[in-house]
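To start, the structure under review is shown below, and the notes come after it.
Sequence lines set the chain letters: A, B, ... in the order given, protein chains first and strands last, and positions in each chain run from 1.
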2 protein chains.
Amino acid sequence: MRSALELFTRQGYERTTVDEIADAVDVSQRTFFRYFGNKEEVAFATQESAERHFFAALCGRPADEAPLTALRHAVLDAWGATGDAIEQMVPPELHMRMYRLIESTPSLLAVHLRRTAELEERLAREIARREGLDIDTDPRPRLVVAMFGGVIRVAGKLWVEGQDDSTVTLRDITAFHLDYVGPALAEQWDK
Amino acid sequence: MRSALELFTRQGYERTTVDEIADAVDVSQRTFFRYFGNKEEVAFATQESAERHFFAALCGRPADEAPLTALRHAVLDAWGATGDAIEQMVPPELHMRMYRLIESTPSLLAVHLRRTAELEERLAREIARREGLDIDTDPRPRLVVAMFGGVIRVAGKLWVEGQDDSTVTLRDITAFHLDYVGPALAEQWDK
DNA sequence: TGTCATTTGTCAGACGCTGACATTAGCCTC
DNA sequence: GAGGCTAATGTCAGCGTCTGACAAATGACA
């Protein structure tokens, strides 16, 4: 995994073949495909970890917190503590470089957005559970998550476009944008 | 294109090979790839048309309309008049079946979401232009579009999950969800 | 009719990915 | 330590997407 991410970030995703990755760690191509379902999967290994952290953080928030507040805390928590699970696999700086690469590689961006959509579905179900709502009849859980997700995406995109690639900056940009729309979203929730 | 969509909707996207599509219209596989950059492209030909319509509709809205109002009119307009450009290429019913297939095929969904993100970027720039804002310093154009896009996605998803596959139903679901969050979003805009 | 540009076909090959089968490695038991 | 079991790995063949290079065909026009 570390070898793959290093190759990806050094020479680009498309220009890195599975054979190269496999050769770098002296295994056959077939073995690579036994551990990763496809080439994309290895590219999202650290994202996967961060997302799990995010979801777990949401589930750990106190039950009396409003949905948006809980989401906000969870995402800032997950991105602040990027190190936790990821550091053991790859250097955090590699994780960040990979995030940039994902945002700037069309095929990876597509997969990233789909993964995000799946995560949002799980988030919406968790919000519904917290609030005791039926997700099939009440649109609010999905709506609040969808809009929240939109804000996160905008923040991430701005970060990628910018120069400063520290984790802290990403956190700050995210917090700023959430503050911007938070009140309106919270209001709409109570309607 | 029509042959491709018919094959896709009949036997699934993955289970349809490019050779099959090419054979169906008696051309070589190489010729197919000269007209479509890849297999996905042909699957999104009608979506492309609908999106262009949507964007054009937004550009045609009166300048004094609030951003969200303009977006709302544009999307309902584009989805109501699906026939316009599409009917000349494929039957509208095929377009709708294809939309369902996209939402339910992971690889296509991924591309769909990326295309949507690209469209949203253009929408945000148009909103910024209308309002005389600088998109690089004012986050509001991107935020309002991102949240608007989230609502559209939720509506589309619910439609796909449901049984009624008429265009009208999709329009109604979309309108309903927009009404739900519209006021709050409008309020946040003026803040 | 000959010339030229555009379109199409053919061929070979890279790359991602999979199934089938052989080989090896590690480990437990006797 | 020999035998045998299981899990991991390698090898091989093949499908499908996609690309570059070159040849053949097509059509328009002088």
Side-chain angles (χ1 to χ4, degrees), chain A residues 1-48 88-90 94 97-99 101-115 118, chain B residues 1-48 88-90 98-99 101-115 118:
Chain A
M1 213 189 85
R2 212 175 317 129
S3 294
L5 297 196
E6 257 150 27
L7 285 168
F8 287 159
T9 53
R10 196 182 322 139
Q11 58 195 27
Y13 176 73
E14 324 265 10
R15 275 187 300 280
T16 305
T17 67
V18 174
D19 283 319
E20 276 181 281
I21 303 169
D23 286 351
V25 285
D26 277 307
V27 293
S28 68
Q29 193 213 52
R30 195 65 183 87
T31 298
F32 172 91
F33 282 114
R34 274 194 259 261
Y35 286 86
F36 302 98
N38 48 51
K39 188 179 161 186
E40 281 144 13
E41 206 171 303
V42 64
F44 287 95
T46 62
Q47 307 295 322
E48 164 76 33
Q88 291 166 15
M89 302 188 286
V90 302
L94 186 54
R97 279 217 311 261
M98 198 58 212
Y99 184 70
L101 185 63
I102 288 172
E103 285 277 346
S104 60
T105 305
S107 61
L108 288 183
L109 177 57
V111 175
H112 176 59
L113 292 172
R114 178 170 52 77
R115 292 173 51 88
E118 283 160 10
Chain B
M1 211 190 86
R2 211 175 317 132
S3 293
L5 297 196
E6 257 151 26
L7 284 168
F8 287 160
T9 53
R10 196 179 324 137
Q11 59 194 28
Y13 175 74
E14 323 266 10
R15 274 188 302 280
T16 304
T17 68
V18 174
D19 284 318
E20 275 181 282
I21 302 170
D23 286 350
V25 285
D26 278 307
V27 293
S28 69
Q29 192 213 56
R30 195 65 183 84
T31 298
F32 173 93
F33 281 114
R34 273 194 261 259
Y35 286 85
F36 303 98
N38 49 50
K39 187 179 162 187
E40 281 145 12
E41 206 170 302
V42 63
F44 286 95
T46 63
Q47 308 293 321
E48 164 75 31
Q88 291 164 16
M89 301 188 288
V90 302
M98 198 57 213
Y99 183 68
L101 186 64
I102 289 171
E103 284 276 345
S104 60
T105 305
S107 60
L108 288 183
L109 177 57
V111 174
H112 176 58
L113 292 172
R114 177 170 52 77
R115 292 173 52 87
E118 283 159 11

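- Closest to the side chain of S28(A), out of dC17(C), dG10(D), dT19(D), is dG10(D).
- Of the listed nucleotides (dT17(D), dG16(C), dT9(D)), dT17(D) has the atom at the smallest distance from the side chain of V18(B).
- A straight line from CZ of F8(B) to P of dG16(D) spans 14 Å, rounded to a whole angstrom.
- Classified by interplanar angle (parallel below 30°, tilted 30° to 60°, perpendicular above 60°), the ring pair H112(A)/F44(A) is parallel.
- Protein atom CZ of R34(B) is 17 Å distant from nucleotide atom P of dT17(D), rounded to whole Å.
- N38(A) places its CG atom 16 Å from the P atom of dT17(D), with the value rounded to the nearest Å.
- Nucleic acid contact class of T16(A) (heavy atoms, under 4.0 Å, all strands): sugar-phosphate only.
- Among the nucleotides dG16(D), dT18(C), dC18(D), the one closest to the side chain of Q29(A) is dT18(C).
- Residue contacts shown for F36(A) are absent, as no nucleic acid heavy atom lies under 4.0 Å away.
- Rounded to an integer number of Å, the gap from E20(B) CD to dG16(D) P is 9 Å.
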What pairs of donor and acceptor atoms, side-chain ones from residues 31-38 of chain B against any protein atom, are under 3.5 angstrom apart with sequence neighbours left out?
| unit_1 | atom_1 | unit_2 | atom_2 | d |
| --- | --- | --- | --- | --- |
| T31(B) | OG1 | S28(B) | OG | 3.1 |
| N38(B) | OD1 | E40(B) | N | 3.3 |
| N38(B) | OD1 | E41(B) | N | 3.0 |

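- The side chain of Y35(A) lies closest to dT9(D), out of dT9(D), dT17(D), dG9(C).
- Although no hydrogens or angles enter the test, the distance criterion places a donor-acceptor pair under 3.5 Å between the side chain of R114(A) and the main chain of P106(B).
- dC18(D) atom P lies 8 Å from atom NZ of K39(B), rounded to whole Å.
- Under the 6.0 Å distance and 45° angle rule, K39(A) does not count as a cation-pi partner of F8(A).
- Protein atom CG of D19(B) is 11 Å distant from nucleotide atom C1' of dC18(D), rounded to whole Å.
- Between D26(B) atom CG and dG9(C) atom C1' there is a gap of 13 Å when expressed in whole angstrom units.
- On a pure distance criterion of 3.5 Å, a polar donor-acceptor pair joins the side chain of R30(B) and the base of dG20(D).
- Rounded to an integer number of Å, the gap from CZ of F32(B) to C1' of dT10(C) is 18 Å.
- For dG16(D), neither phosphate oxygen OP1 nor OP2 lies less than 4.0 angstrom from any side-chain nitrogen or oxygen of T17(B).
- The nucleotide whose nearest atom lies closest to any side-chain atom of F33(A) is, among dT9(D), dT18(C), dC18(D), dT18(C).
- With T9(B) contributing its side chain and E6(B) its backbone, the two residues share a donor-acceptor pair below 3.5 Å.
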